Structure formats: C-alpha cells, structure tokens
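Structure first, then comments.
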Amino acid sequence: MTAAAARTSFWRKPSILPGFGLSMGFTLLYLSFIVLIPLAALILRAAGLSWDEFIGVVADPRALAAYRLSFGASFLAAAVNIVFGVLTAWVLVRYDFPLKRFVEGLVDLPFALPTAVAGIALTALFAENGWIGHILAQAGLKVAFTPLGVVIALVFIGLPFVVRTVQPVLQDLNKEVEEAAASLGANRFQTFRRVLLPAILPAALTGFALAFARALGEYGSVIFIAGNLPMKSEIVPLLIIIKLEQFDYAGAAAISVAMLAAAFVLLFMINLLQRWSRARIGAF
Amino acid sequence: MRIDVRDVTKRFDSFIAVRGFTLEVRPGELVALLGPSGSGKTTLLRIIAGLEQADEGQVLFDGDDSAAKGVGERRVGFVFQHYALFKHMTVFENVAFGLRVAPAERRMSNTDIKTRVMSLLSLVQLDTLAARYPSQLSGGQRQRVALARALAIEPLVLLLDEPFGALDAKVRKELRRWLRRLHDDMGLTSIFVTHDQEEALELADRVVVMNQGAIEQVGTPMEVYDTPATPFVYEFLGNVNRIPCTITGGAATLWGLAVKAESVNGAVVPPGDAPGFAYVRPHDIEIAAGGAQKAVVRHIGAAGPTARLELEVAGVPALVEVQLSRQAFFDLHLRVGQAIAITARGARVFPAASVPG
C-alpha cells in the first residue's frame, strides 16, 4: 500500500496498465530525434542572424507575398475540401452504387500518388491548351500559372483527409436519430442541419486541420502548376528552396521559422475549435 | 384516436416479418405487442409509425388511410428502444426539437416553447436537469427525456419500442406505473412493444401475443394468462410446467385429474392413443397426503411473497415448479429431499403435434 502510494507522483497516476516508464521514455526519445531536435537545429540556424537581419529576411515583400499565397491558398483549399469531402463521405457511407469500391480507392489516390506526378497531370489539364484549361480560357479564366492553380493543386492533395476523418463518424451515426427527427416533424434539410451536421462537425474540423497542414507543406504538386512568379504565384516552400540553392542557409532557416510559428498558432487555434465542438457532444 | 391495422404484410427479401396482421386499437387503449425476438413486433410498430412501408395492407388512423402521410404528419410520438436522443443538444433542446422544426405558420414563439418544454420536463421530473447533455444522464433519465420529446408535439398516438428494456428492475417498475398514469391523464392511444410478459400483463389493457409475424392471441391480461389459446402462448407467458402425457380416447389423466385434449394450430386430437403435453401452472398443483403422484422436493425458494418449490416427478424430464402461499408452505414443514404426493387442480392438454419446439 505504502509502496504503491510512494510510486504515485506528479508524472504518474496509479494505473493497472504496465510499461508506462518504458513506453513514455521511448516516445520522448523518438519525438526528440524525429521532431524536436531537427526543429531546434532549424531555430539555431536562424539564430545565426541578428534581429535586424532576421526581420529583413522574414518581412521582405517577396516573402510576405509568399506567406499570403501559402496560407491563403491552403485555407481556401481546406475550406473547399471540407464541403466536398463531407459530401463525398456522405455518398460513400449512405448509398450503394456500382463501382463503389473503385470510388473508395480513388479517394485515397492523392495520398499515394507522387505529388510531382499530380502536379504534372494537373498542369497538363489546366494549361491553356489542356482539356479543361482551354474551356476555362474561353470563359476568360486562367488557372495554370496563377494562384488559382495553386488552390486546385492543394484541393487535390487535401481531399482524402476530410473524407477519411468524416467517414467513420458518419458510419457510426445511429439511423434511429434521423428517424427520431423525422417523427418529430423535421424535414430532410432540418434533419441534416440540426442533427447530422453538428454530429460530424468535430471530425470535419479535424479533416480540415489535416488538409490545411498538409497543404502548407506541399511542394511537389504546386510548383508545376503555380508558374512560380515572384510576388504572384510563389509559395513559401519554394522560396525556401530558392534561398537554399543560393546557399543562403540562414535566410532559408529564418523563413522556415516564421512559417513554423504561424503554422503552430493556426493549428493550435483549430485544435481549440475542435475541443469546443467536441465538448458539446460529449461521449455517450 | 382509433388505429386499424388491416392485413398488413411486410417482407425483407425472403423473410416475412409480418404476415396478414389485423388489429383494431380503440381510442384511449394501451396495447402491448408481446413476442420473442424476430416475431415482427418492432417491424409492425414501425409500420404504424410510418418509419417502414407495408408491402400489403393498410394502417388507418380514425378511418383515414395513412399511406399518403409522412412520418412527421401522423402526429405519432415514437420512443426508440435506445432513446435516440440528440447528443449535441441539451435536455431542453432535445424536448424543444419538435416545436422548433414545425412549419413557420404553426411554430410557437420562443417564450411559448420555453413554457411548454419546461412544463413537459417537470411532468417527467427532469426540470432541474434541463441544461444537461444526454451523456450526463442515467438510463432512466434518458428514457424520460425521450418520452418528453415525443410528447412535445402533442401526439394523438404514442408508440414505444421496448421502452424499459435497458433499465434495471427498480427503475423499470417505477417508469411502468408512471407511463400508465401519463397515458390515462393525457388521453393517449398507446402501443408498446415488449418481450417481457410481466411488463405486458401489468401495464396493458390488451395484450397481443405475436409469433412469426402473426397474432397468436389477443386479449386482456387476464384472458391471455388464464386461457392461453395455444401451447405457444402458454410457453411464452412462462410460469408453466409442460408435462409429457398420453392422450387416450381424446383425454389424458394428469396426477389424478382427467383433462379433455384440445385441438389447436390445425392439429386435431386423434381418436386413438397419441402423445400429448399437459400444461399446469405452478399454483395449480396441490401438495397433499394421499395425492395421486409421488414426487421428491429438490429445491426450495421461500424468500418473497410466495414460496417456490422444484419437484422431481417420475416420467417428467424437467423439474416441476410449484407455487405455494407462505402460510401453506410453513404448514407443510417441507425439507429438500422429502418424498411427497401431489395432485393437479387444473391443467390443459394439447396433442404433441401442436406444441412448438
């Protein structure tokens, strides 16, 4: 009794699950090697610059334009994905149709495809002489080599995240809940809006956060379709590569740190939003 | 409201869930659909609610065919077996749901909704928990929220699917009485589904015993218990001993009692010798010196309002259950292992061909 009590500490709550020390130690070690140490090295590298130099690199107009594009396009792409991802998940869960397995597989394709392949394919489609590009060009819409092209590439790579997070939640939703809503006089739209949507919102937000984070770091598919015009269609990862190619390692690290900080704050905020919406549902 | 179910049949692929079912429920009645799982009782309830479409037959509300009416237009309150509460809404919002989704021209003002919901919540004694979420409630409380939610739309008919199935015995008993009172006070017409014979017999005005999608017997609890129409009803209502016997010349003798055999389920009593089964209720067996049949006491359960004995009787594969009043039990001074004699006071005999299983 006393021995057990003595082993309880701030770090360790009494539990019947064995192996806390070993597994926690391994987790910390692993996270340190994979995440923390590389990030620390990055910050250390950027710290080689003086404060004024750092601000000069980070707040350079070209860098600012790149942030705006990266964050703006990622946000827009994730927003598009949350709508169409939920719709796709809905169709996959609720209806039976021929080739359903095939469509299921299609959803995961953006996960597996080398992103450069996706970039080339999208560019070929949306270039002014491409299948879709020439139709849009007649309507006066230019996609390839513009920020719009960036958004499309990011929508492509982000789609599976929303679908795959929402799908299991939709599957678990009890059909009785919808029937209850109907028996109380709710029409289809009211049932969706008041009963289903709130139930899948936390999962959809998780998918949104994942798609957004993925889009921020995306490089391969974007550089082909973006055209990479400085101040116009240049994303942050590309700017960092350019700096590296010019052997400006400190500058590259400085921009990375700025990106890292902004991404961390945004993901943290999305996390809070998720917690809030999850708390309202609670666990049954 | 009167409910007429006429010749309703429902198939799921090759399985027939409900076959040619006809039932009339009178206004203000509380009817129990009683049967084992797979007997089609829940399917029938869902057809009446409009959650399921019948393949054949009609459901009439006060003489009007309901086929064209959607679930939401029938003014039917449906209480689901697992409550189906909206998890992301408070208790208050759950109950208010039906009022909030009403078409604009019929929708109440927010203050009226608040008054109505609070009065419903105090009716189900949950007014203090209005701000809670369903996950913070006990099973019995969730059940009452589900009831209040169904009552909010002022239904004329209340349908309940295994309403007390997931609750513990004490809560179940309380809710049962409370539901009966509510049904009477609000002038509802109610149908509930259950597999618990005690629940059906205690709560309902009439009991419909179902088997394989069809009616086995309809009657008041007294009728169903005292004069079961078929061996199935006997078996399902429980508390009965099934004794194998031989029918000779249309009758059998059980422990000193001559009983005429009855033809049911199309199994006619044969003129010559034939195997049969006698059904005897535990309280229809008398223990007395000089009884017609020898028996040995194997088990005694004397705690409770009546004493239960289990007897070993030659020629009967299962132990025979006997129920005695406490007074009779104490007067007999019984012990386990004691040899006694028994007589049957009342029994019914059916040909073996008509007995299920």
Side-chain angles (χ1 to χ4, degrees), chain A residues 82 86 89-90 93-97 162 165-209 270-284, chain B residues 42 45-46 48-52 69-90 93-104 106-107 131-137 139 142 145-155 157-162:
Chain A
I82 204 173
V86 167
W90 173 266
V93 170
R94 285 308 165 96
Y95 305 108
D96 265 321
F97 49 89
V162 178
T165 46
V166 171
Q167 208 176 0
V169 178
L170 265 181
Q171 235 142 22
D172 285 351
L173 263 189
N174 202 337
K175 197 167 132 256
E176 282 192 347
V177 176
E178 286 164 62
E179 290 177 345
S183 79
L184 292 168
N187 59 35
R188 298 285 172 95
F189 175 74
Q190 287 167 323
T191 305
F192 180 76
R193 159 79 189 72
R194 287 170 180 266
V195 175
L196 295 177
L197 202 58
I200 58 176
L201 193 63
L205 278 176
T206 304
F208 177 87
I270 295 174
N271 237 307
L272 286 183
L273 195 64
Q274 259 170 265
R275 270 182 67 146
W276 168 79
S277 62
R278 224 177 274 271
R280 292 193 355 167
I281 288 182
F284 236 86
Chain B
T42 295
L45 195 74
R46 290 170 58 86
I48 296 172
L51 293 170
E52 211 90 62
K69 284 189 187 167
V71 200
E73 302 160 56
R74 297 194 182 192
R75 293 195 68 191
V76 161
F78 199 96
V79 178
F80 291 83
Q81 187 177 1
H82 302 292
Y83 321 136
L85 296 179
F86 307 127
K87 291 191 248 183
H88 60 283
M89 294 181 200
T90 59
E93 284 303 323
N94 261 286
V95 178
F97 185 88
L99 305 173
R100 293 210 195 280
V101 297
R106 278 200 282 118
R107 199 175 301 154
R132 296 264 186 104
Y133 286 93
S135 57
Q136 299 166 311
L137 302 180
R142 284 180 201 171
V145 176
L147 259 166
R149 183 178 69 176
L151 293 173
I153 55 168
E154 296 186 302
V157 173
L158 189 61
L159 304 175
L160 308 103
D161 187 6
E162 300 268 1

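This structure is a prediction, so every number in the text was calculated from the model and none was measured. Letters go in sequence order (proteins before strands), and every chain restarts at 1.
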With sequence neighbours left out, the residues meeting side chain to side chain contact (heavy atoms under 4.5 Å, CB included) with Arg75(B) are Glu154(B), Leu156(B)
Contacts of Ala204(A) meeting side chain to side chain contact (heavy atoms under 4.5 Å, CB included) (sequence neighbours excluded), chain-then-number -> Ile82(A), Val86(A), Val166(A)
Under 4.5 Å to a heavy atom of chain A? For Ala150(B) that would be backbone
On a heavy-atom basis, the closest approach of Ser183(A) and Phe78(B) is OG-CB, 4.1 Å
For Thr206(A), the side chain to side chain donor-acceptor pair (under 3.5 Å) test, sequence neighbours excluded, returns Gln274(A), Arg278(A)
Minimal heavy-atom distance between Ala180(A) and Ala84(B), with the atoms involved, is CB-O, 4.0 Å
Against chain B, residues from residues 172-179 of chain A with at least one heavy atom under 4.5 Å, in numeric order, are Lys175(A), Glu176(A), Val177(A), Glu179(A)
Heavy-atom nearest pair, Val101(B) first then Gln190(A), reads O-NE2, 3.1 Å
Taking atom CZ as the centre, does Arg193(A) end up with more than 12 heavy-atom neighbours from other residues, nucleotides or ligands that are less than 6.0 angstrom away? no
Does Phe97(A), at its CZ atom, have more than 12 non-hydrogen atoms belonging to other residues, nucleotides or ligands within less than 6.0 Å? yes
Given Gln81(B), Arg46(B), Glu93(B), the one with more heavy-atom pairs under 4.5 angstrom with chain A than any other is Arg46(B)
